[in-house]
**Q** 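Input: one structure, supplied below.
Chain letters run A, B, ... following the sequence lines, proteins first and then strands; every chain starts at 1. Computation of the quantities below employed the complete heavy-atom set of this structure, encompassing side-chain atoms and omitting hydrogens, waters and symmetry-equivalent molecules.
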Amino acid sequence: MLKFPIYLDYSATTPVDPRVAQAMIPWLTEHFGNPASRSHAYGWEAEKAVEDAREQVARLVNADAKEIVWTSGATESNNLAIKGAAQFYKGKGKHLITLKTEHKAVLDTFRELERQGFEATYLDVQENGLVDLSALKDAIRPDTILVSVMFVNNEIGVIQPIAEIGEICREKGIVFHVDAAQATGKVDIDLSKLKVDLMSFSAHKTYGPKGIGALYVRRKPRARLEAQMHGGGHERGLRSGTLATHQIVGMGEAFRIAREEMKTENERVRALRDRLMKGLQDIDATYINGDVEHRVPHNLNISFAYVEGESLIMAIKDVAVSSGSACTSASLEPSYVLRALGRNDELAHSSIRFTIGRFTTEEEVDYTIDLLHKKIGKLRELSPLWEMVQDGVDLDSVQWAAH
Amino acid sequence: MFAPVYLDWNATTPLDPLVRAAMLPWLDSRFGNASSRHEYGRQARSAIDEARARVAAAVGAHATEVIFTSCGSEANNLFIKGAAALMKPGLLAISAIEHPCVREPAKQLRRGGWALREIAVDAAGRIAGDDWKAVLDARPTLVSVMLANNETGVLQDIAALADDAKTAGAWFHSDAVQALGKIPVDFRTLGVHAMTLSAHKIGGPLGAGALVIDKRIELAPLIAGGGQERGLRSGTENVAAIVGFGVACERATARLEDEARRLAGLRDRLEAGLVASGMRIFSVEAPRLPNTTFFAADGFDGETLVAKLDRAGFACASGSACSSANPEPSHTLLAMGVERDVARGAVRVSLGRDTSMADVEGFLAAFERLTNELNKLTAMAVQS
Amino acid sequence: MAYSEKVLDHYENPRNVGAFGKEDEGVGTGMVGAPACGDVMKLQIKVGKDGVIEDAKFKTYGCGSAIASSSLVTEWVKGKTVEQALEIKNTQIAEELALPPVKIHCSILAEDAIKAAVADYKKKQG
């Protein structure tokens, strides 16, 4: 039995795994202590649960639990890492580097630092969405103090060469931050090998609850930060504020499951994604956005030429998908990520991100393929652009009246 | 787990069962990201809107004045740093008994060229009139005074202070985290420009707080990104916690009057017993929250007693939870002029909706037995 | 995005989709918008000897509101003289479809499409 709408938007957020919810519920019932309360058992058991969860998060990425700082989510982690490091190291220099295809949480933080007097370089990516390492090397200046590159792009799912970037940064003594919100449970992350200083995590993209995330802060060699939220001195002074025990416990359990099951899960998910990709590539004039090889197994971002994105979303309302990233869906702007790949606006407008996950079935994928075939056909019948192309008109040669 | 009697409701509160019931669907089938445009996202968005209306209604504010944050500390940081970031550096005045999540961001402002001034309190913990006048004369730009103190429960006359501050041309903020659900809190009556709320102090979950703010004040966000919460607080919304916060606000304010009367009755019984045992109750001469008792005595070792009480099945606090790891005596008591040694031994008992008269009587019996034991040990130590 | 019932109806069951031969007698073709802006509307009218619009067809690349706006105007222009068709205002379209403010441009585009189709018709008539 299919349940509608079919959820294929696992990169926007994931359902909480029932095992995670099970682990959280006791902390919403009898175990309600404030982990900062040191004078009674309610506080102690909460503190222990928080530390156990920290260990689980650390194990997924092969780090030490002491290197994990809780935050309210990846957006806060990105803000803390980038502003915190920039402000700490500003005596060394004021130049920062990132990519044009980063998440808004990174880009907006960079813009804010620019207003504070830092200088930023926003690197172009290649047509496949991957960073050009030589362009990165060329962008590094003597006063560069921080490089921030996402592990996995939220829209097109491409995996950036984090190990190589880490080598470059470490050699130059530059702090390297990685937004790994979309990477956990999808790619192997070994922080004992990767030369990454700071790494942001989110629970709700990996079957954990919303409202909780973490920042990895390397101890050897030690990455230093200035705190962004001040108060009771929680999290070794790096992040004050009462911790939500149930959410932390949920993140710990979600990351435990990810570690134990990601290998088999990714194989299953990849097979579904490939099935979807094959099924949709049967449609004329489709273009896959982003590198297919260096890509997480659950993402398919595809443009359907000559149909408009919003009407496409409307046509396929039986499937919950995203055009562009969730955070920018409210605006009518074409995706800046696809533009950065050099996609023209029409193709950017008509792109759909399908992201498959733990609870996706083959039946759902097949239904989606069939639905897309029908609806794309219908919209193209409606499309004057498609008609022109069928008549052999080169759309690029047309003079469009701007309005 | 063996369940001790919980007498630490100012640190955090157990989740109200109805709040939990309201939250659970958002940890299950309703998991959408509120920024998504499909059905899953729209469900989440409308749940957040509804919760925002509930929180606003509980404090007499307009829904558009409520900005959700991850906790009260964040809301305090957002106001102090966010408002200051868009102003010319001036004078920031905070009371001498603020929570660290006001005090610490306030100290940070000094690096940006702000002057920081603490407003003295009197022996009862109330803002000292003469010092307040001096502060006003110094023309502050920003003022922050908490409505109810987390340790003593002492209440400030925020409406009068906010009025004075406005006349002096300052923006006035109040941390109302401990007051919400215990006394009426009305944004308009208080006349403040901004105030901070927290869910987990009122039977709601950890993970949600709010800054209620007059929109004339421009704020710079602490957390940049996707532009959620009118651009003032980016990050995927914690839907379950926000929904819980909304319901908790509704629940806590609906039964406030009767509950406050009941708690005050329990508190009075508790304090009568403590006074009979030679304890000194702080701020007893000032208006206070109905649920909070902060006490000590000369030579009284509160910290050891709290540990013994915990083993005997009563959970209470020595000092505020956030600074419990810190052996420093209570900052609030020192500001009130209490001697360091006495302050170091202070114990806080805070009551809540599950507390019964039997709990209070049980606590008093245990208290008496354990203090006697402690006194005997001390006497023996002195003899040998 | 919450669409009105009428937008959804036109979107699900667009009226008068199709094309006339551009060179056919009495046919006026208007193409407005640009792919880069996210909407392109092609509206065609077939005008009888008496100057009354006998039939209309459209094809639209655009959002649901753009499709609905163009579908609606094909219904509206039929039976009108070309001069009457020119009197259709975007505000009427927006009102009929209950378009939200961010979608008002779709109704403007539909009005422009009528004007362009009529202009093309008149040009061909010489």
**Q** Checking heavy atoms, do the side chain of A315(A), its backbone, both or neither come under 4.5 Å from chain C?
**A** both

**Q** Please look at V40(C) and chain A and tell me whether the side chain, the backbone, both or neither of the residue comes under 4.5 angstrom of a heavy atom of that chain.
**A** both

**Q** Is there a side-chain contact between P35(C) and L395(A), using heavy atoms and a 4.5 Å cut-off?
**A** no

**Q** For E308(A) and C63(C), indicate whether the former's side chain and the latter's backbone hold a donor-acceptor pair under 3.5 Å.
**A** yes

**Q** Kindly state each residue pair satisfying salt bridge (Lys or Arg N to Asp or Glu O under 4.0 Å) with at least one member in residues 60-78 of chain C, sequence neighbours excluded.
**A** R15(C)-E75(C), D55(C)-K78(C)

**Q** How close do G64(C) and M314(A) get, heavy atom to heavy atom, and via which atoms?
**A** CA-SD, 3.6 Å

**Q** Has K375(A) got its NZ or CZ under 6.0 Å from the middle of the six-membered ring of Y11(C), at an angle within 45 degrees of the ring axis?
**A** no

**Q** For atom CD of E54(C), decide whether the heavy atoms of other residues, nucleotides or ligands shown that lie under 6.0 angstrom number more than 12.
**A** yes

**Q** Taking all heavy atoms of K317(A) and all of E12(C), pick out the closest pair and write down the distance.
**A** NZ-OE2, 3.3 Å

**Q** State whether the number of non-hydrogen atoms from other residues, nucleotides or ligands found under 6.0 Å of E95(C) atom CD is greater than 12.
**A** no

**Q** Nearest 0.5 angstrom please: K42(C) NZ to E387(A) CD, how far?
**A** 3.0 Å

**Q** Which heavy atom in Y61(C) sits nearest to a heavy atom in P384(A), and how many Å separate them?
**A** N-CD, 3.3 Å

**Q** Taking all atoms of both residues into account, what is the closest heavy-atom pair of S383(A) and K59(C), and its distance?
**A** O-CD, 3.9 Å

**Q** Find the distance between CG (L379(A)) and OG1 (T60(C)) and round it off to the nearest 0.5 Å.
**A** 11.0 Å

